[in-house]
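Position 1 is the first residue of the sequence, and the numbers go up from there. Only heavy atoms go into these numbers, but all of them, side chains included; no hydrogens, no water, no symmetry mates.
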Amino acid sequence: MPGLRGPSDYSKEPPRHPSLKINAKEPFNAEPRRSDLIASYITPVDMFYKRNHGPIPIVDDVESFRVSIHGLIDNPKQLSMTDIRNLPKYNVTATLQCAGNRRTAMSKTRTVKGVGWDVAALGNATWGGAKLSDVFELVGICMHTSVTALGGKHVEFISVDKCKEENGGPYKASIPLSQATNPDADVLLAYEMNGEILNRDHGYPLRVVVPGVIGARSVKWLDSINVIAEECQGFFMQKDYKMFPPSVDWNNIDWSTRKPQMDFPVQCAICSLEDVSVVKQGKVTVSGYAVSGGGRGIERVDISVDGGKTWVEAFRYQKSGVSYIADGINSDKWAWVLFEAEVDIPHNTEIIAKAVDSAANVQPENVEFYTLICRSMAKGTHNM
């Protein structure tokens, strides 16, 4: 794509915050410390997790950059950044999360593959850009379209980013056309993050943001949009990020038997403590985040200081000065919820946090209950 290119080496990587925990250097994958993650409702750009599959793309000339929209449509086009900026701008506060978040904890129970993440491979930002539903109207696809006249049912996002999993080809992923053309789904072609122009690590000059869905579908460094009949056949759609029963392992896995993961599951994590912490007996404040996919709010976060025998409800909040109500009109439906509770610690014990979303989905009480074989999200348990 003119103006944007994927380099072949790591010699021109952008600077990063020195406090980030680096899980892989090349490609660069890092997360903030737990305490830094929950220091604010909106995650600062420098503290937002970095998930990459190759060298960070370079913009040589943003004025010549174009994103191509093609495939099973009657009116393909190439759009400049000016074209996209001329559309109505929306600001959407949404939590993005790597589907491998908490893989390190999962690996203690059952071996999983991929970058080892603690509990901070997520972040909450306000994304600014054009709704994809508005962009599609420029090429003759109306809102709430589920299939085009030429048979297109899925929207494939293709990046400039080159990755080894695609044998040096571009990173790509897809969502259903019905989701892409639904303005209430808030799918964005984003060019801002927290009120500033996207930086290189987060997709400059243009990225996709698909709220409520695992971060793997929010493609960065967007090169083209392809309307296709079937879902994307890329590696990260077909041979990763799928859920299997406990009887399946790496020796008998058949990827074709399961659909790609989209919405992320309800979960919470304690971030005020490490997995093994030493504190004095008495009152301790337990705090962290809770989040659910698909725009579902967090109805409760329960805390136990006796390994799950008894529970207390934590206080939940989002924006300062605004009471949080799950699915309430003043709540950010695509965003995480922060929580805190003051509890009495009598002796060595196990502290557990458990989230319940507005659809009554309950976070499993043990890591063993999770069946996501390759990209796993575990629960926050702390032995003290």
Side-chain angles (χ1 to χ4, degrees), residues 23-24 29 31 49 51 95-122 165 173-174 212-217 231-270 274-276 288-294 296 298-304 306-309 311 350-383:
N23 297 321
N29 289 277
E31 63 188 304
Y49 76 102
R51 175 66 174 113
T95 299
L96 294 188
Q97 177 174 214
C98 177
N101 192 30
R102 316 182 73 160
R103 188 179 293 122
T104 297
M106 291 293 290
S107 291
K108 294 176 182 178
T109 298
R110 187 173 182 181
T111 301
V112 291
K113 296 182 180 181
V115 177
W117 297 97
D118 188 38
V119 303
L122 81 170
E165 292 88 353
S174 69
V213 170
I214 63 169
R217 316 307 176 212
E231 65 190 16
C232 170
Q233 295 301 299
F235 179 90
F236 292 98
M237 289 289 292
Q238 300 303 327
K239 293 191 175 181
D240 216 339
Y241 305 125
K242 292 187 176 184
M243 293 185 288
F244 293 88
S247 58
V248 173
D249 59 29
W250 294 106
N251 296 318
N252 63 7
I253 190 169
D254 181 354
W255 293 101
S256 66
T257 61
R258 292 294 185 274
K259 294 181 178 181
Q261 186 189 3
M262 300 302 282
D263 292 5
F264 44 76
V266 61
Q267 61 168 306
C268 66
I270 295 171
E274 298 298 322
D275 283 339
V276 178
Y289 66 80
V291 67
S292 190
R296 294 176 289 274
I298 298 298
E299 187 63 34
R300 286 198 337 263
V301 177
D302 298 330
I303 308 292
S304 173
D306 54 15
K309 295 177 182 177
W311 300 86
E350 182 181 43
I351 302 177
I352 301 173
K354 178 179 65 176
V356 181
D357 72 16
S358 56
N361 297 308
V362 182
Q363 182 175 1
E365 293 190 17
N366 296 291
V367 170
E368 289 84 354
F369 292 167
Y370 278 81
T371 58
L372 183 55
I373 188 172
C374 57
R375 292 294 187 264
S376 305
M377 301 177 189
K379 73 169 295 182
T381 300
H382 299 268
N383 297 311

Distance in Å, [X] [atom1] paired with [Y] [atom2], rounded so as to fall on 0.5 Å steps:
| X | Y | atom1 | atom2 | value |
| --- | --- | --- | --- | --- |
| Lys259 | Lys242 | NZ | NZ | 11.0 Å |
| Phe236 | Ile214 | CZ | CD1 | 10.5 Å |
| Arg217 | Leu96 | CZ | CG | 13.0 Å |
| Gln261 | Met243 | CD | CE | 5.0 Å |

Determine, using ring centers only, whether Trp255 and Phe244 are less than 6.0 Å apart.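 Close enough - the centres of the two rings lie under 6.0 Å apart.
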Partner set under side-chain contact (heavy atoms from CB on, under 4.5 Å) for [X], not counting sequence neighbours:
| X | answer |
| --- | --- |
| Asp254 | Ser256, Thr257 |
| Thr95 | Leu122, Asn124, Val291, Ala335, Trp336 |
| Ala120 | Glu31, Pro32, Leu37 |
| Asn361 | Val266, Arg296, Asp357, Ala359 |

So, for [X] and [Y], which heavy atoms are closest and what is the spacing to 0.1 Å?
| X | Y | answer |
| --- | --- | --- |
| Cys268 | Ala355 | SG-N, 3.7 Å |
| Lys113 | Arg103 | O-NE, 3.2 Å |
| Ser174 | Met237 | OG-CE, 3.3 Å |
| Ile303 | Ala353 | CD1-CB, 3.8 Å |
| Ile352 | Gly308 | CD1-N, 3.8 Å |

Working for side chain to side chain contact (heavy atoms under 4.5 Å, CB included), residues Val115 and Arg51: CA-CA 9 Å; Val115 177; Arg51 175 66 174 113; 4.2 Å; yes
Hey, is the main chain of Trp117 close enough, under 3.5 Å, to the side chain of Thr104 for a donor-acceptor pair? yes
With no hydrogens and no angle check, is any side-chain donor or acceptor of Tyr241 less than 3.5 Å from a backbone partner on Ala216? no
Can you sort out the partners of Ser247 under side chain to side chain donor-acceptor pair (under 3.5 Å), two or more places apart, ordered by chain and number? none
Applying side chain to side chain donor-acceptor pair (under 3.5 Å), name anything that partners Glu231, two or more places apart in sequence or on another chain. Gln238
Report the C-alpha separation of Gln267 and Asn101 in whole Å, then their side-chain angles, then the decisive distance to 0.1 Å, and conclude whether the side chain to side chain contact (heavy atoms under 4.5 Å, CB included) test is met. CA-CA 11 Å; Gln267 61 168 306; Asn101 192 30; 4.3 Å; yes
Count the heavy atoms belonging to other residues, nucleotides or ligands that lie under 6.0 Å from CZ of Arg300, then report whether that count exceeds 12. no
